[in-house]
Each structure stands twice: as C-alpha cells, then as structure tokens.
Amino acid sequence: MNLVRKEAEKCDRLGGFVTIMSMAGGTGSGMGTFITSCLRDAYPTSLLLNEVIWPYGTGEVIVQNYNSILTLSHLYQSSDALLVHENDVIHKVCSQRMNIKQISFRDVNKVIAHQLGSVFQPAYTTDGATHYSRNPLGELMESLVPHPEFKMLGLRNIPQMSEHSLAYSTFTWHGLIKHLRQMLIANAKMEEGINWQVHLPTEVATRNSSLSAEQLFNRSVANLAIFRGKDIEGASSEGFRDPAMYTPWLPPDDSFSIWKTPRSFNKYEKSATLMSNSQGLLKPLDCIVGKAWNMFASKAYVHQYTKYGIEEEDFLQCFTTLEQIISSYSTL
C-alpha cells in the first residue's frame with residue numbers, strides 16, 4: 001500500500017486503479033481481492049476496475065471453483081466493475097485465429113494485452129473532440145456501469161489473426177461492424193463460429209422467421225464500441241443503437257457509447273473493439289457456481305478453508321451473492 005501511495009501522490013489527477021488478477025489460483029484470487037478491498041478503504045472515491053482471468057473449464061487447481069466464487073462475491077462488494085477474460089476463449093483465439101501450435105502463457109498474455117490496449121490506448125470519446133480523453137477509466141465506467149448490481153464486463157476485439165494472414169487480408173468498416181454486432185447478439189466470443197441465425201425480436205418480426213431465435217439473443221445493459229484506423233468517418237455504429245438490444249429501464253441514448261480515433265492500432269489498419277455489460281457471462285458464471293455447489297454439498301475440501309478461518313456460513317453468503325447476480329442478469 002505504501003508503494004501504491006507513492007505512485008498515487010505523483011499523479012496530478014488520480015483516475016483510478018486497474019487490478020489485473022487471477023480468479024482461481026491462491027495468490028491472484030486471495031491477495032488480489034484483499035488488495036482491492038484495501039484500495040477501496042484507502043481511496044474511497046477512486047474508480048476500481050478489476051481485470052480478472054477466468055479459469056480454464058477443465059481445471060488448473062482442484063479448488064478453483066471455490067476460489068472463484070469467494071473472489072467474485074468479495075470483488076462485487078469493493079470493485080466498480082469486473083472485466084472478465086476467459087482462459088478458454090483466449091486459448092481458442094491463439095489456436096484458431098493466431099494459428100499457434102504450442103500455446104504458451106506468453107501467447108495468452110499477448111492476446112489479453114492486445115485487447116486491453118485496444119480499450120485503453122488514447123481515443124476521442126465524443127464526436128468532434130479535438131483532444132483525447134483525459135479520463136478513460138471514468139468515461140468507461142460512466143458508459144458501461146449504470147447500476148451497482150450489474151458490474152460484469154466482457155470484451156470482444158476484431159480482427160485478430162497471425163501476422164502472416166494479416167498480410168493477405170483487407171477489411172471494411174461495414175464488414176467489421178456487422179461481425180462485431182452479430183458476435184454481441186449471438187454471444188460469440190470470437191469471429192469464428194458466429195451463429196448468424198440469432199436475431200433481435202424486431203428483426204425476427206420483419207423476417208417472418210421463427211420466434212425461437214428471439215429467445216437466444218444476448219441482451220445488454222450497455223455497450224461501448226471503440227473504432228481505430230483509417231477512413232474512420234465511414235464507420236457507422238447505427239446497428240448498436242437498436243433499443244431491442246438493451247434492457248428497457250435504461251434510455252437508449254445511455255445504453256450505447258462510441259469512441260473513435262483515426263490512428264491504427266498494433267499493425268491492424270482498421271480494428272473494432274466492443275466492451276459489453278450483458279448476459280454474455282451468465283453461462284460461465286452459472287457453471288462455476290454449479291460446480292462449486294456440488295463440491296460444497298459433499299463438503300469436499302472445505303476443511304482446507306475452515307482451518308484458515310473461512311466458515312461454511314461465509315461460503316453460503318458467497319453463493320447467495322452470486323445467485324442474486326445470476327438472477328439479475330437472467331431477468332434483464
């Protein structure tokens with residue numbers, strides 16, 4: 001905390017804190033959560049964004065589901081927003097988009113860093129702005145987190161491909177934005193394997209197709225699109241402004257924001273990023289809570305926690321918190 005204080009004192013204007021942490025391991029989850037609560041106590045008016053790495057579904061640590069529910073429920077009390085990166089998704093990006101045969105942690109980290117950079121590199125946050133935003137974290141929170149019950153953020157970034165493929169590829173803003181929009185409503189985490197059969201209710205009605213498609217779409221609280229690259233004036237974001245995409249309790253103008261810059265990013269002539277507060281993380285969250293509950297019901301490994309002062313009541317409180325979050329997102 002002394003190190004943090006020294007850095008904070010050097011700031012002309014402290015924008016807030018971004019904590020990058022694991023959700024499953026011991027140090028990342030336990031220590032990361034503890035530091036977050038310390039930061040909240042020491043800097044009660046500063047913004048806190050926790051970038052959490054969601055564990056592989058097949059498992060890295062036997063107690064990862066316990067660690068994850070403890071981490072998430074405690075972070076929900078201290079943090080302003082949780083930006084989630086799923087290891088399984090990043091791994092798929094490395095193998096299917098980057099064509100990497102033997103994937104290392106360095107490769108995984110490179111993809112995560114690229115995605116974070118695509119958000120936090122300077123951008124114009126209002127139309128006609130003449131200088132870059134000086135408060136990107138604040139504007140990001142203002143755009144995406146209108147209610148303390150809804151703090152789970154996901155990130156999609158296209159295109160993502162190997163340098164070899166990039167040399168032979170060209171992109172149009174219309175094509176990139178069309179793909180990004182469909183990734184959002186079909187809850188696809190990457191460009192490959194998007195379900196184009198999923199439509200919004202308004203589109204279903206106009207197409208006279210079966211209404212079952214309506215049930216599948218991923219409803220959002222709020223979205224933030226970030227477009228970077230040449231011919232930026234040709235990038236239309238109208239597709240993201242359809243009120244049917246969003247929860248009815250937030251005015252459409254408050255549900256969608258857009259940042260732009262004519263500067264290209266990281267070798268990509270044109271690139272588009274979408275940060276979403278949506279139902280997209282419901283499935284992984286439900287899955288991790290279910291697995292943890294099955295272990296807890298048979299008291300598996302609970303003794304490893306009780307000997308350090310975490311009681312069964314603490315677990316039950318965490319389950320209650322997360323079930324409430326799942327319920328809130330489910331009923332959007």
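Numbering starts at 1 and runs along the sequence shown.
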Should Q324 and S328 be marked as a side-chain hydrogen bond (donor to acceptor under 3.5 Å, both in side chains) after you check the CA-CA gap, both sets of side-chain angles, and the distance that decides it?
CA-CA 6 Å; Q324 178 58 53; S328 298; 3.2 Å; yes
Test log, rule side chain to side chain contact (heavy atoms under 4.5 Å, CB included), inputs F240 and I258
CA-CA 10 Å; F240 290 103; I258 180 162; over 6 Å; no
Steps toward ring pair (Phe, Tyr, Trp, His ring centres under 6.0 Å) verdict (Y268, F171)
CA-CA 9 Å; Y268 293 97; F171 303 99; 7.3 Å; no
Report the C-alpha separation of Y132 and Y124 in whole Å, then their side-chain angles, then the decisive distance to 0.1 Å, and conclude whether the side chain to side chain contact (heavy atoms under 4.5 Å, CB included) test is met.
CA-CA 5 Å; Y132 286 132; Y124 298 112; 3.7 Å; yes
Apply side-chain hydrogen bond (donor to acceptor under 3.5 Å, both in side chains) to N67 and Y305, showing your working.
CA-CA 10 Å; N67 287 348; Y305 292 84; 2.7 Å; yes
How far apart are the C-alpha atoms of D80 and L49, what are their side-chain angles, what is the distance that settles it, and do they pass the side chain to side chain contact (heavy atoms under 4.5 Å, CB included) test?
CA-CA 6 Å; D80 291 303; L49 172 67; over 6 Å; no
Please test S257 against S143 for side-chain hydrogen bond (donor to acceptor under 3.5 Å, both in side chains), starting from the C-alpha separation and ending with a verdict.
CA-CA 6 Å; S257 309; S143 304; 3.3 Å; yes
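Listed for the S220 side chain is no donor-acceptor partner under 3.5 Å among the backbone atoms of N223. At least one donor-acceptor pair under 3.5 Å links the side chain of S95 to the backbone N or O of K92. In this structure, R263 contributes its side chain and K230 its backbone to no donor-acceptor pair below 3.5 Å. Here the side chain of E269 pairs no donor or acceptor atom with the backbone of G229 at under 3.5 angstrom. For K291 (side chain) and G57 (main-chain N/O), a donor-acceptor pair under 3.5 Å exists by modelled atom type. The backbone N or O of Q279 lies less than 3.5 Å from a partner atom in the side chain of N218, making a donor-acceptor pair. Under a 3.5 Å cut-off, the side chain of D242 and the backbone N or O of A244 do form a donor-acceptor pair. A donor-acceptor contact shorter than 3.5 Å links the side chain of S79 to the backbone of A81. Between the side chain of R97 and the main chain of P159, no donor-acceptor pair closer than 3.5 Å is present. Side chain of R219 to main chain of Y246: a donor-acceptor pair is present (N/O by atom type, distance under 3.5 Å, no hydrogens or angles).
Ring pair Y66/Y301: centre-to-centre distance not below 6.0 Å. For F296 and F319, the distance between ring centers is under 6.0 angstrom. Ring centers of F34 and H74: at least 6.0 Å apart, outside the cut-off.
In this structure, K101 does not pair ionically with D107, as no charged nitrogen and carboxylate oxygen lie closer than 4.0 Å.
For the residue pair N277 and Y329, a side-chain donor N or O sits within less than 3.5 Å of a side-chain acceptor on the partner. A donor-acceptor pair shorter than 3.5 Å can be found between the side chains of S118 and T273. Side-chain contact check for Q115 and H85: at least one donor-acceptor pair (N or O, by modelled atom type) lies under 3.5 Å.
Figure legend: cation-pi geometry between K178 and W196, with NZ or CZ positioned under 6.0 Å from the six-membered ring centre and within 45° of its axis.
Within a 6.0 Å radius of CD in E9, other residues, nucleotides and ligands contribute more than 12 heavy atoms. Environment of CZ in R134: sparse, with no more than 12 heavy atoms of neighbouring residues, nucleotides or ligands closer than 6.0 Å. Counted within 6.0 Å of CE on M1, heavy atoms from surrounding residues, nucleotides or ligands total more than 12; the atom is thus considered enclosed.
Following chains of ILVMFWY side-chain contacts shorter than 4.5 Å, one cannot reach I35 starting from L75, and the two form parts of different hydrophobic clusters. No continuous path of hydrophobic side-chain contacts links L39 to L140 [ILVMFWY only; heavy atoms under 4.5 Å]. No continuous path of ILVMFWY side-chain contacts below 4.5 Å connects F17 to L47, so the two sit in separate hydrophobic clusters.
The aromatic rings of W173 and F227 lie tilted to each other, with the angle between the two planes from 30° to 60°. Between F150 and W249, the two ring planes are tilted [angle within 30° to 60°]. Relative ring orientation between H114 and F265 is described as tilted, the plane-to-plane angle lying within the 30° to 60° band.
Closest non-hydrogen pair, V119 versus R228, comes out as O-NH2, 3.5 Å.
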